[in-house]
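This report concerns only the one structure given below.
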Amino acid sequence: VFALIVFACLVGDGYMSRPEDPQLYCIFNHNEDACRYGIGIGVLAFLACIFFFMVDVYFPQISNTTDRKYLVLADLGFSGLWTFLWFIGFCFLTNQWSWTRAEDVFIGADSARAAITFSFFSIFSWVSEAL
């Protein structure tokens, strides 16, 4: 759910344009990489959650213990990796938001703060998955 919120905030209000220039800019200090990173890890995390949910649903029907072991290890490894990527995302978005000038933000400040907040919450949710 947190990944979906981060993704939706960045896609919905993460890009803005100046009144005199119709080109869209990322709200995070005009750094396109910040928006792309947040959207990328949000989409991939959401898709991975769907995949691992489906694995959990069919897990009792998997009789091969080796396959079960590899699925559990894949879930553990992915959760650990995504914990690290969400931490990087939180730090990156927070840093870029701190360098953003207030006069450059017309709308979307709440969405930017929500993306930062929920990327922080995502760290703890993915850590809980890894444990």
Which label fits F2 and F118: parallel for a plane angle under 30°, tilted from 30 to 60°, or perpendicular past 60°?
tilted
CZ-CG distance between R36 and L10, expressed to the nearest 0.5 angstrom:
12.5 Å
Residue pair S119 / L93: nearest heavy atoms and the distance that separates them
OG-CD1, 4.4 Å
For F28 and A34, work out which heavy atoms get closest and say how close.
CB-CB, 3.8 Å
To the nearest 0.5 Å, what is the distance between CD1 on I5 and OG on S111?
11.5 Å
Work out which heavy atom in V105 is nearest to a heavy atom in A109; give both atom names and the distance.
CG1-CB, 3.8 Å
Looking only at heavy atoms, what is the nearest atom pair of T66 and N64, with distance?
N-OD1, 3.1 Å
Using only atom types and a distance under 3.5 Å, with no angle test, would you say the side chain of R68 pairs donor to acceptor with the backbone of S63?
no
Answer yes or no: are there more than 12 heavy-atom neighbours, outside F92 itself, under 6.0 Å from its atom CZ?
yes
Measuring from S17:OG to I107:CD1, what's the distance to the nearest 0.5 Å?
8.0 Å
From D104 CG over to Y25 OH, what is the distance, rounded to the nearest 0.5 angstrom?
10.0 Å
Separation between SG (C26) and CD1 (I39), nearest 0.5 Å, reads 7.5 Å
Side-chain atoms of residues 124-131: list all donor-acceptor pairs with protein atoms under 3.5 Å, sequence neighbours left out, distances to 0.1 Å.
| residue | atom | partner | partner atom | Å |
| --- | --- | --- | --- | --- |
| S125 | OG | S122 | O | 3.0 |
| S128 | OG | S125 | O | 2.6 |

What about F78 and F52, are their ring centers closer than 6.0 Å?
yes
Just wondering, are more than 12 heavy atoms of other shown residues or ligands nearer than 6.0 Å to OH in Y70?
no
Looking only at non-hydrogen atoms, find the nearest pair between I41 and W82 and report the distance.
O-NE1, 3.3 Å
Linking I/L/V/M/F/W/Y whenever any side-chain heavy atoms sit under 4.5 Å apart, do L76 and M54 land together?
no
Search all heavy atoms of M16 against all heavy atoms of I27 and return the closest pair with its distance.
SD-CG1, 4.1 Å
Cluster check L81, F87: I/L/V/M/F/W/Y, side chain < 4.5 angstrom:
yes
Looking at OH of Y15 and CD of E32, how far apart are the two atoms once the value is rounded to the nearest 0.5 Å?
5.0 Å
Does V55 belong to the same Ile/Leu/Val/Met/Phe/Trp/Tyr cluster as L73, with side-chain heavy atoms less than 4.5 Å apart forming each link?
no
